[in-house]
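The structure under discussion appears below in the form of structure tokens.
The figures here come from the full heavy-atom set of this structure, side chains too, leaving out hydrogens, waters and symmetry mates.
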Amino acid sequence: MIGWLVFFFTLFIAMLGYASYRSYSKERTSDDFIFAGSNIGTILGFLTFSAALFSAFTFMGMPDFFRTHGVGAWIFLALSDALMVFFLIWFGFALRKRASINGYKGVAGLMKSCYGNSFAGYLVFASAFLFLIPYVAIQIRGISIFLDAAFPDMLPYWSWSALLVFIMLIYSEIGGLKAIVYSDAIQGVIMLTVIWIIGVTCLQMSGGLEAGLEKVSATNPDLLTLPGPKGLFTSPFLIASAIAIVLIPVSQPQFTTRLVVMKNLKSVHRMAYAVGIFAMLVILPTAFIGLYGAIKYPDASTADFLTNALLFDQAVPVAALAVVGLFAACLSTTNAQIFALGTELRSLLSGSDKTNMRITKISIMVFSLIVLVFSTYMSNELVLLARVSFTGTSMIAPVVLGAVIFTKPPQSLIVLSTLALGTFIASLLEIVPGKIAGLPIDYLMYGALFVITAIIMITHSQTQKKQHATQS
């Protein structure tokens with residue numbers, strides 16, 4: 001086992017090193033460092049977008065989610081991702097058009113420019129910081145749980161987290177976004193390959209799909225129906241989850257920036273379709289692993305289930321590759337999101353190029369240290385914690401959509417997004433109830449946000465038309 005681990009990790013680190021070397025340039029500006037020359041093609045684009053989107057929470061969280069909550073997990077993630085692809089086509093066009101007019105340094109900087117209001121930029125940055133830091137932390141938490149359980153006497157628990165962040169900092173500091181894009185491509189291919197090998201193996205050990213479903217039906221039939229054995233997949237939960245996931249490209253800057261740095265709009269459209277296909281391919285084998293877990297490890301803890309299903313029940317080379325695949329999956333999301341936070345901070349700065357570059361690099365290191373601290377306090381519910389992150393960042397979607405749609409967006413959208421973000425945070429802190437009349441607060445807030453945002457935008461559009469008619 002150790003020999004295979006050394007072999008695969010050496011190969012993986014060598015590929016990351018080569019990606020960093022190819023990305024490094026002494027003559028680069030801060031824009032080159034942050035935006036990779038804004039010349040990302042379709043293949044690299046969809047791989048970096050997919051690797052950042054489908055991470056450790058997909059690799060480890062989704063099998064456990066299927067095992068615990070049943071087939072509704074497919075509707076929760078796969079259907080929502082399919083809807084996101086259609087939204088990407090429109091949003092990519094609108095965003096790139098607005099960025100070409102106003103310039104693009106980051107989502108926060110774009111909001112500051114579009115609204116002529118610094119608070120709009122700080123609101124976007126605050127949302128990203130508050131919810132991306134915990135999201136990155138759960139990725140690190142997930143891989144640390146797995147590695148610590150698999151190799152309990154090799155390293156202290158925190159060492160796995162520190163090692164992952166250290167590797168990420170090295171190649172992102174050397175090559176910037178271009179190095180991250182290359183590494184994401186490597187990590188995406190590894191993750192997809194490994195998860196299918198393990199998924200097919202688990203399906204075979206379950207006796208095949210039909211036999212496996214029969215075994216689950218005999219022991220826990222609620223896993224095969226909605227809302228699942230724990231009643232999680234209610235209509236409000238699934239609808240709210242779908243909205244939060246569809247809005248990921250709007251509200252999470254690591255994805256928004258990837259739409260802007262693509263070579264052209266045609267590449268964006270091709271990337272969107274490819275992401276949809278990748279989503280189906282990467283989620284399906286997690287269902288097979290979850291099915292296997294429901295049969296063989298129905299009452300096991302998350303750590304025990306994952307270490308057995310992904311490691312000890314696999315052939316030695318596959319188990320070693322699984323460790324590298326999990327490490328790669330976690331690394332891709334960690335670097336994308338921490339780098340995005342540095343990018344957003346830079347977009348709000350007004351100093352010289354050299355000063356901004358230095359501040360950005362320092363901020364990435366600081367954010368990494370914060371993530372390390374947070375990762376020791378997170379729970380093991382990786383998927384549900386990821387959903388909280390998606391929902392939290394989506395609360396500022398009205399202010400971003402307003403900036404993308406209108407040349408002079410209504411300032412009231414800033415107020416609306418601020419109130420929505422504050423209310424959701426208050427619900428997490430239990431200052432306001434998490435449910436009202438039996439319905440989740442996020443479900444009710446999405447309904448209210450949709451209606452109020454529509455009213456504000458329609459009214460603003462009509463006002464602009466009247467002003468244009470008067471001027472002409």
Side-chain angles (χ1 to χ4, degrees), residues 54 56-84 142 192 194-246 276-310 312-314 379-388 390 435 438-440 442-443:
F54 302 104
F57 104 85
T58 306
F59 207 144
M60 293 186 290
M62 286 306 295
D64 193 47
F65 210 48
F66 274 107
R67 177 183 72 114
T68 306
H69 298 288
V71 295
W74 178 263
I75 301 173
F76 161 74
L77 193 59
L79 180 60
S80 300
D81 284 326
L83 294 174
M84 183 183 68
L192 186 61
V194 173
I195 204 167
W196 264 100
I197 292 173
I198 295 175
V200 170
T201 302
C202 286
L203 186 61
Q204 291 174 342
M205 290 190 294
S206 301
L209 182 59
E210 186 175 351
L213 291 175
E214 288 178 358
K215 292 175 185 176
V216 171
S217 179
T219 57
N220 192 352
D222 288 340
L223 285 171
L224 303 180
T225 60
L226 296 179
K230 297 187 177 181
L232 179 66
F233 297 120
T234 61
S235 295
F237 177 89
L238 292 173
I239 292 171
S241 299
I243 294 171
I245 291 172
V246 167
I277 296 171
F278 191 94
M280 300 301 111
L281 290 177
V282 81
I283 296 169
L284 183 58
T286 67
F288 298 157
I289 302 169
L291 174 68
Y292 173 69
I295 295 170
K296 190 168 183 179
Y297 303 107
D299 301 316
S301 66
T302 298
D304 287 342
F305 159 59
L306 292 175
T307 51
N308 281 294
L310 304 182
F312 300 131
D313 293 349
Q314 304 294 326
S379 79
N380 297 343
E381 291 286 345
L382 303 183
V383 174
L384 293 180
L385 286 170
R387 183 186 181 276
V388 169
F390 300 158
K435 287 188 175 183
L439 296 174
D442 57 343
Y443 175 76

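By the side chain to side chain donor-acceptor pair (under 3.5 Å) test, Tyr443 is found to be paired with no residue, residues two or more places apart in sequence or in another chain being considered. Remark: Thr225 pairs with Asp222 by the side chain to side chain contact (heavy atoms under 4.5 Å, CB included) rule, at least two apart or across chains. Partners of Asp81 according to the salt bridge (Lys or Arg N to Asp or Glu O under 4.0 Å) rule, which considers only residues two or more places apart in sequence or in another chain, do not exist here. Legend: residues meeting side chain to side chain contact (heavy atoms under 4.5 Å, CB included) with Leu79, ordered by chain and number and at least two apart, are Ile75. Listed by chain and number, the residues in a side chain to side chain contact (heavy atoms under 4.5 Å, CB included) with Ile277 are Leu281 (sequence neighbours excluded). Annotation: side chain to side chain contact (heavy atoms under 4.5 Å, CB included) contacts of Ile243 (sequence neighbours excluded): Ile239, Leu247, Tyr446. When the side chain to side chain donor-acceptor pair (under 3.5 Å) test is applied to Asn308, no partner is found at least two apart in sequence or on another chain. Residues passing the side chain to side chain donor-acceptor pair (under 3.5 Å) test with Ser80: none are found, sequence neighbours excluded.
For residues 231-243, no pair satisfies salt bridge (Lys or Arg N to Asp or Glu O under 4.0 Å), with sequence neighbours left out. Within the structure, no pair that satisfies the salt bridge (Lys or Arg N to Asp or Glu O under 4.0 Å) test touches residues 198-210, not counting sequence neighbours. Under the salt bridge (Lys or Arg N to Asp or Glu O under 4.0 Å) criterion, the residue pairs touching residues 65-75 are Asp64-Arg67, with sequence neighbours excluded.
Below 30°, between 30° and 60°, or above 60°: for Tyr297 and Phe305 the angle between ring planes is between 30° and 60°, a tilted geometry.
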Worksheet entry | Derivation and outcome, side chain to side chain contact (heavy atoms under 4.5 Å, CB included), residues Ser206 and Lys215 | CA-CA 9 Å; Ser206 301; Lys215 292 175 185 176; 5.6 Å; no
